[in-house]
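All remarks here apply to the structure that follows.
These numbers come from the heavy atoms of this one structure, side chains and all, not from hydrogens, waters or symmetry mates. Naming: A, B, ... by sequence-line order, numbering from 1 per chain.
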Amino acid sequence: MLDPQLIRQQLPEITEKLALRGFTVEQEQLAQLETARKQQQIETERLQNERNQRSKSIGQAKSKGVDISPLLAEVAELGEQLKANETALANIQTQLNQILMGMPNLPHETVPIGQGETDNQEIRRWGTIPTFSFSPKDHVDLGTQLNGLDFETATKITGTRFVILRGELARLHRALIQFMLDLHTQHHGYTEVYVPYLVNQDSLLGTGQLPKFAEDLFHIPSQNYYLIPTAEVPVTNIAREVIWAEENLPTKFVAHTPCFRSEAGNYGKDTRGMIRQHQFEKVELVQLVKPSESYNALEELTQHAETVLQRLELPYRVVSLCTADLGFSSAKTYDLEVWLPAQQKYREISSCSNFEAFQARRMKARWRETRTQKINLLHTLNGSSLAVGRTLVALLENYQDENGRIFIPSVLQGYLGGNTHIG
RNA sequence: GGAGAAAUGGCCGAGUGGUCGAAGGCGCUCCCCUGCUAAGGGAGUAUGGGUCAAAAGCUCAUCGAGGGUUCAAAUCCCUCUUUCUCCGCCA
C-alpha cells in the first residue's frame, strides 16, 4: 500500500508514476472521497468528544449525588447522531481502503520505463552458451527417455500441469533443494525456516496477492485458507504486526516450499513440459531491512541467487524489469533468466524484488531505531533462489550429451552419491 | 471432536459500569547521590489515526478480534479466534 499521506499531498505525481506501469488512478473519485473523509472524520470525532465530555460530567454528578436526569435528557439524540456519523465514516474509509489496496507500488527511479516485456533492460550476462554437435533435445524428451518425467500419470492422478518425477531425476530435484539451502544458510547468512503452505487472507493481503489476484490462487473454501503461490507469503508475514529491534536487522530467511498457482489467464502458455506447473518447488530468500539499506540488499540478494546459477555453471542473464512488467507490489525487480538450449532462449528462473515499505505498510511490519527509539516501517525484499523445477529443466537441457545422458555439475555430485552422470 | 479455564502495556500482574490508556512490581532510559561495587532517591517509559505548512497543542481510537447493551464498557451480553488442562482421535 502506498502512504495515504502521499496520496493526499501528491496525487498528480503519483498518478503520473503509476501511469508508467499502465495503472490508471481515478483522481477525481479519490479526491472526492478524501474530501468527504476529512469532513466526516472531523465531525465524527467532534461528536465523540462531546459524548465523552458529557458522560464524564454525568459520572461526576452522580458521584456527588446530584440528580442526573436533566443531563441525560440533554444527550438523548447524541447517540443516534453519532452512530449515523460513524457509519458514514466507516463507509468512506472502506471505499478509500479498497482503492488504496488495489493500487500498485511506485516504480523506483532506476526502473526502465517501458510498455512491455521487450522493454526490459538487460543488465549483465554470465557464462557461455553451450554449443552442441547434435541437435539438443528439450527436457521433456530427455526426461521421458530417462523414465524420470511422467506427465501422463500426473494428469491421471490430478489433472494437467502436474508432473511426476521418478528415480534419479527425483533425486536430482531433491539434491538441488538441498544444495540451495546449504549454500544460503552456510555462505550467505540466511536462517532456514519451515513455514505453513496454507495461509489466511490477511497474509495474502499483506504481501499483495489479495485483493487483486485471487484468481491466481488455489483456495480452500471450507476454512478460507489459500495454498501459497510462493514462500514469500508465509515467510514475509513472519514480520506482520511485529516491531523489530534494530539490532535484528537485516533479518534474512530462506525457505524451501512447494508453490501452487492456478495459472488463470495462462492457459495457452508453456503447455509443454515443466516450465509452468500448478505445483512446483522453490527456494526463496526473504530479507527484512532498514529502509536506508534496501537497495543495497536488492543487489546482494540478487547476487545470492546468481551464485546458485554460477555454482551450477548455468549461463544466465540479469534483466531489470521495466515499469510495465513490474509486479504489483514491487518497486524494482531483477529477473534472472537461464539459457534453455532447446528453446534457444533465456527463460525466467528467479525474480528478485525490493518492495520498499509497500508490503510492510499493509502488514504493519515495523522496526525501532535504537538511538531515537522511533518506530518506522521496514523494507521487505524477496527473490527465488531458485525455482527448482526450472533449474532441473536447465540442467537437463544444458548438460545433455548426444545419447541423452545428463552430466551432473560438480557441486551437486556430493548430493548424488558421487555420481557424475544420470542415464 | 467433547469438557473446563484463560487472554490487560516489553514482562509479571491489579482492576465487575463513571474522574482508567489503565494501580503496583520488574525491566529499560535519563538525572541525583554514593571515592569502586552493591544499595538508595527522582523523572520518564504503549500504538495507530485526525487536525496543522510543520512543531507544540488539541482530539479520536485501541485492554485477543468483531458485534451489542448503556449517557458512559477493560468491566455486562453475543459470536469468533488463540492458549492452557483433561478426554477422544491421530502422523
Checklist line | Options B/G18, B/U51, B/C71, nucleotide nearest the side-chain atoms of A/Lys62 | finding: B/G18

Notebook entry, point to check: Where the side chain of A/Lys38 is defined as all heavy atoms beyond and including C-beta, which of B/U51, B/C60, B/U47 is the nearest nucleotide?
Noted result: B/U51

Notebook entry, point to check: With a 4.0 Å cut-off on heavy atoms, is A/Arg371 in touch with a base, just the backbone sugar-phosphate, or nothing at all?
Noted result: nothing

Check: Is the count of non-hydrogen atoms from other residues, nucleotides or ligands lying under 6.0 Å from A/Gln115 atom CD greater than 12?
Finding: no

Note to self: For A/Ile58 and A/Ile375, find the nucleotide of RNA chain B closest to each by heavy atoms; which residue's nucleotide sits nearer the 5' end?
What the structure shows: A/Ile375

Checklist line | Complementary nucleotide for B/U69 - Watson-Crick or wobble, under 3.5 Å | finding: none

Note to self: Could you tell me the Watson-Crick or G-U partner of B/A43, where both distances fall under 3.5 Å? Say none if there is no partner.
What the structure shows: B/U29

Checklist line | Which nucleotide in B/C60, B/U19, B/G48 has an atom nearest any side-chain atom of A/Glu45 | finding: B/C60

Checklist line | Pairing nucleotide - B/A74, Watson-Crick or G-U, each distance under 3.5 Å | finding: none

Check: With both distances kept under 3.5 Å, what pairs with B/A53, Watson-Crick or G-U wobble?
Finding: none

Next item on the list: Please state whether the phosphate of B/G10, meaning OP1 or OP2, lies under 4.0 angstrom from any side-chain nitrogen or oxygen of A/Arg368.
Entry: no

Notebook entry, point to check: Touch check for A/Ser57, heavy atoms < 4.0 angstrom, all strands: base, sugar-phosphate only, or nothing?
Noted result: nothing

Check: Rounded to the nearest Å, what distance is computed from the CD1 atom of residue A/Ile92 to the C1' atom of nucleotide B/G50?
Finding: 14 Å

Note to self: Just to be sure I understand the rule, does A/Arg361 reach a base, reach only the sugar-phosphate, or reach nothing, if contact means heavy atoms closer than 4.0 Å?
What the structure shows: nothing

Check: Think A/Arg54 has a side-chain N or O under 4.0 angstrom from the OP1 or OP2 of B/U19?
Finding: no

Notebook entry, point to check: Within the pair A/Asn52 and B/A72, is there a side-chain N or O less than 4.0 Å away from OP1 or OP2?
Noted result: no

Margin query: Is it the case that the ring center of A/Phe260 lies less than 6.0 angstrom away from the ring center of A/Tyr197?
Written below: no

Margin query: Rounded to whole Å, how long is the line connecting atom CD of A/Gln93 with atom P of B/C60?
Written below: 16 Å

Next item on the list: Can you label the angle between the A/His188 ring and the A/His304 ring as parallel, tilted or perpendicular, going by 30° and 60°?
Entry: parallel

Next item on the list: Determine which nucleotide pairs with B/C90, using a 3.5 Å limit on both distances of a Watson-Crick or G-U wobble pair.
Entry: none

Check: With a non-hydrogen cut-off below 4.0 angstrom, is A/Leu78 in contact with a base, only sugar-phosphate, or nothing?
Finding: nothing

Check: What nucleotide, of B/G50, B/U47, B/U19, holds the atom closest to the side chain of A/Ser63?
Finding: B/U19

Next item on the list: Pick base, sugar-phosphate or nothing for A/Arg51, based on heavy-atom distances below 4.0 Å to the nucleic acid.
Entry: sugar-phosphate

Check: B/G50 phosphate, OP1 or OP2: any side-chain N/O from A/Arg8 under 4.0 angstrom?
Finding: yes

Next item on the list: Check if the side chain of A/Gln41 and the base of B/G49 share a donor-acceptor pair of N or O atoms closer than 3.5 Å.
Entry: no

Next item on the list: Would you indicate which nucleotide in B/G48, B/G18, B/U69 comes nearest to any side-chain atom of A/Lys83?
Entry: B/U69

Note to self: What's A/Gln5 touching, base or sugar-phosphate or nothing? Going by heavy atoms closer than 4.0 Å.
What the structure shows: sugar-phosphate

Margin query: Tell me whether A/Gln303 at atom CD has more than 12 heavy atoms from other residues, nucleotides or ligands lying less than 6.0 Å away.
Written below: yes

Next item on the list: Go ahead and name the base partner of B/U85; Watson-Crick or wobble counts if both distances stay under 3.5 Å, otherwise write none.
Entry: B/A3

Next item on the list: Ignoring backbone atoms, establish whether A/Asn49 has a side-chain N or O less than 4.0 Å from OP1 or OP2 of B/G50.
Entry: no

Notebook entry, point to check: Among the nucleotides B/A54, B/A61, B/A72, which one has an atom lying closest to any side-chain atom of A/Ser55?
Noted result: B/A72

Check: Is A/Lys364 touching bases, backbone alone, or none of the nucleic acid, heavy atoms closer than 4.0 Å?
Finding: nothing

Item checked: Who pairs with B/G24 - Watson-Crick or G-U, where each distance is under 3.5 Å -> B/C12

Check: Do the ring planes of A/Tyr226 and A/His219 sit parallel (below 30°), tilted (30 to 60°) or perpendicular (above 60°)?
Finding: parallel

Check: Tell me: CD of A/Glu86 to C1' of B/U70, nearest whole Å?
Finding: 14 Å

Next item on the list: Please measure how far the P atom in B/G64 lies from the corresponding atom in B/U8, and state the result in whole Å.
Entry: 6 Å

Item checked: Given B/U51, B/C71, B/U19, the nucleotide with the shortest approach to the side chain of A/Ile42 -> B/U51

